[in-house]
Amino acid sequence: MEFIQTSKPEFTLRFATPDDAGLVLRYMRKLGTFQKMSDKITATEADFHRLLSEGRGETIFGQYDGETVAFIYFYQNSSAFTGQTGLYIDGFLVDEAMKGKGLGKIMMAYMSQLALERDCQRLEWGCLDWNEPAINFYRKLGAYSVDEMRIYRFGPEQLESNAVSFN
């Protein structure tokens, strides 16, 4: 297991392996609880094992004195509008007891570095509009909001019903 040293000697980062699927799921459930959306977390350990195995998603864990205290789940994307590639953060959480120590800032700095190393031109994520502490954190880092867009989604049932009309 390879650890990435940060500016804080007691805080290291490491990429998840498929064997970490259970830990990824635990962190997604923690995030869902924090976001008051625990019922929306339907992914399973097998789902995360598959996503990590196939390289369709990646996770970085933050470890403080050897204990996992944070995570970021992300994947690569691209834009037809700009022709740019980027990384999209789909899950980011620092354990409540560890907030205020600069760990989130270190993780976002690493994600920015990783995006540049992968020749990406952007790093994106969503944030719930009621989460003022996170919004303030992101703004302090220089992030800006794309407020003129709403995200729409087809779930499995809508995919099935819409796909039928193709044939």
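The salt bridge (charged side-chain N to carboxylate O under 4.0 Å, His left out) check on Arg14 picks up Asp20, with sequence neighbours excluded. With sequence neighbours excluded, the residues that form a side-chain hydrogen bond (donor to acceptor under 3.5 Å, both in side chains) with Glu96 are Lys99.
No donor-acceptor distance shorter than 3.5 angstrom exists from the side chain of Asn131 to the backbone of Cys127, with no hydrogens or angles considered. Using a distance-only test at 3.5 Å, with no hydrogens or angles considered, no donor-acceptor pair links the side chain of Thr68 to the main chain of Gln63. Gln5 places a side-chain N or O within 3.5 Å of a backbone atom of Lys8 that can act as its donor or acceptor partner. Between the side chain of Thr85 and the backbone N or O of Asp119 there is at least one donor-acceptor pair closer than 3.5 Å. Under a 3.5 Å cut-off, the side chain of Gln35 and the backbone N or O of Gly32 do not form any donor-acceptor pair. Remark: side-chain polar atoms of Tyr27 are not paired, donor with acceptor, to backbone N or O of Ile72 under 3.5 angstrom.
When all heavy atoms are compared, the tightest approach of Leu25 to Thr44 is CD2-C, 4.0 Å. Ala115 and Arg122 get closest at one heavy-atom pair: CB-O, 4.3 Å. Among all heavy-atom pairs drawn from Gly155 and Gln158, the shortest one is N-OE1, 2.8 Å. When all heavy atoms of Ile60 and Met107 are compared, the pair lying nearest together is O-CE, 3.8 Å. Between Ala16 and Val24, the shortest heavy-atom contact is CB-CG2, 4.4 Å. Counting all heavy atoms, side chain and backbone alike, Leu13 lies closest to Gly62 at CD2-CA, 3.8 Å.
Remark: Arg56 CZ to Tyr75 OH distance equals 12.5 Å, nearest 0.5 Å. Distance check: Leu128 CG to Phe34 CZ gives 8.5 Å after rounding to the nearest 0.5 Å. We find the OG1-CD1 distance between Thr12 and Ile4 to be 8.5 Å, quoted to the nearest 0.5 Å. Atom-to-atom distance recorded for Asn136:CG and Glu132:CD is 5.5 Å, nearest 0.5 angstrom. Taking NZ from Lys30 and CZ from Phe71, the interatomic distance works out to 9.5 Å, rounded to the nearest 0.5 Å. A distance of 10.5 Å separates NE2 of His49 from CD of Glu54, quoted to the nearest 0.5 Å.
A centroid separation of 6.0 Å or more is found between the aromatic rings of Tyr138 and Tyr144.
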- Query: Met111 and Phe74: side chain to side chain contact (heavy atoms under 4.5 Å, CB included), yes or no, with the steps?
  - Reply: CA-CA 9 Å; Met111 289 300 299; Phe74 66 99; 3.5 Å; yes
- Could you go step by step and tell me if Phe11 and Met98 meet the side chain to side chain contact (heavy atoms under 4.5 Å, CB included) rule? CA-CA 11 Å; Phe11 187 60; Met98 300 306 289; over 6 Å; no
- Message: Apply side chain to side chain contact (heavy atoms under 4.5 Å, CB included) to residues Met28 and Leu31 and explain how you reach the verdict.
- Response: CA-CA 5 Å; Met28 279 307 300; Leu31 179 61; 4.2 Å; yes
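Ring geometry for Phe15 versus Tyr110: interplanar angle over 60°, hence perpendicular rather than tilted (30 to 60°).
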